[in-house]
Amino acid sequence: MRETQHIVKSYDEELQSISTRIIEMGGLVEAQLADAIEAVVKRNAQLGAQTDQRDSQVDAMEREIDEAVVRLLARRQPMADDLRQVLAALKIVGILERCGDYAAHVGKRAVMLAQDRETPGIAVIGRMGKMVRDLIGDVLGAYARRDPELALSVWRRDQDLDQLYASFFRELLTAMAEDPKNINACMHLLFIAKNIERVGDFATNIAENVHFLVLGVLPAGKRPKAAKGDYSFEQ
Amino acid sequence: MDEAMTGMNEEVGLSFGADDSEPLGQTPGSASGAETPAKFVSRGVDVFYGAKQALFSIDIDIMPNEVTALIGPSGCGKSTFLRCLNRMNDIIDGCRFSGSIVLDGEDIYARAIDVVHLRARVGMVFQKPNPFPKSVYENVAYGPRIHGLASSTADMDEVVRTSLERAGLWEEVKDRLHEPGTGLSGGQQQRLCIARAIAVEPEVILMDEPCSALDPIATARIEELIDELRTNYTIVIVTHNVQQAARVSQRTAFFHLGKLIEFGDTDQIFTNPRAERTRDYITGRFG
Ligand SMILES: Nc1ncnc2c1ncn2[C@@H]1O[C@H](COP(=O)(O)OP(=O)(O)OP(=O)(O)O)[C@@H](O)[C@H]1O
Ligand SMILES: [Mg+2]
């Protein structure tokens, strides 16, 4: 991220390689999310199952990057920007792994949902999915380019996703109240929406790490949050 | 992110690049933010060796019962500054000092100052362990004897014992007190030199790369000792090992080409230095 190089060249290469692999891992998680959401929206059970299975690749990447970070910590004792870079890497990798888990959950539910009756509101999942993919895509771009402004914009924009989630939550409640036969499918949608909303939160956590990595401080103030009221629904 | 990190929320570091005349970091005079008066206050310190200027207007406050680390590339003036603090530069031919260094409110460069007394208050430990070619006991007893700090043999035994204990060496040498100090291992010799410095009851201990001749275990013991000594003494240490500065000190001063580039809390310097040159140095980007 800086023009001046380390006196020990292999140190630069190791740091660079960790960064590159995180971006790759992020790309995989993005693809997983995209597939899982498509599987829901298109009622594609096969795609959903694939997404679930591919999660082990994300886990493997996490382990690999963790090991590289541990080796680098032990051998180089990074300081200052380098230290922040390594700490951020460690945290971002952990967050991405959890995003991967949520994508797999969504994939799993897509399988079950495809076998259930069609329900209204599935299009909202598509919209939430698009929002969350933008957040994740932007925050990965912010990481790749070390761009704290873009990170901040992700950090602020997540509230839109929260808002959409809250109104969808109400919509689903109404649908279930209107026709109890909808309950099963609506519950799946509810969990899916909740998972997507959580991934949005993770995008903001990554954004905080990018901000810290570049500037050495967390974003100032509290993250703007849409009032969740009674619609918060912890799994 | 974690609560633990939110303490770092203050707005800093957006504009890097130290201006040559103004070191980044704490404003002199408000070094700790608290009321504790500084042990040493250095203002506008210039040092010349003949025509060559080695230090340029150094302002630093050294806080009591803290370890202050001086770091920077070779030749940047760390040792020169350290030697200013007990006027060891006086004995170097052609070395000229200007500016002021105040120890507990008293200008140590004032005419009335007794330099021998000053050096008893401000002791020094050197890079290479340099015990006198005498017994372990005599090495420690020498200082207290010339300063008249022990009135009887029993008193002296006590001074020797407590000094060796504080230096973490007593257990290893209590049965060989009358053997030559030069017969100890390098790490033991360095602790003997620390015991010797402590024996005259100094207030400040200056250390110039005290571990550079030691292995990692002996180094760790000295670092542990430095941390313990901090309760009773003020310590200023010059080190080439930035990791060591990070481990042992509370405050770090980064020197470059005779100037103080940045001075601040060690935690801040090693996680988020403000000056580009500090960052380059501690991350291993220039030598
Ligand atoms: N006795 C001396 N006579 C002439 N010049 C000297 C003397 N001692 C130091 N210098 C010069 O003053 C500058 C600062 O030296 P100093 O020893 O303080 O550096 P340092 O930071 O301690 O370096 P190192 O890390 O190599 O010990 C150097 O340019 C050095 O050559
Ligand atoms: Mg030196």
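Protein chains get the first letters and strands the later ones, always in sequence-line order, with residue 1 at the start of each.
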Tightest non-hydrogen contact, residues A:Arg84 and B:Thr271, listed as NH1-O, 2.7 Å
Residues two or more places apart in sequence or in another chain: which of them pass ring pair (Phe, Tyr, Trp, His ring centres under 6.0 Å) with B:Phe270?
none
Which atom names give the shortest non-hydrogen contact between A:Asp12 and B:Arg285, and what distance separates them?
OD1-NH2, 4.4 Å
I need the residue from A:Met79, A:Gln77, A:Arg76 with the largest number of non-hydrogen atom pairs under 4.5 Å to chain B.
A:Met79
More than 12 foreign heavy atoms under 6.0 Å from CZ of A:Arg133: is that the case here?
no
Taking a cut-off of under 4.5 angstrom between non-hydrogen atoms, the residues of residues 241-249 of chain B near chain A are B:Val242, B:Gln243, B:Ala246
Of all heavy-atom pairs linking B:Thr283 and A:Asp82, the shortest is CB-OD2, 3.1 Å
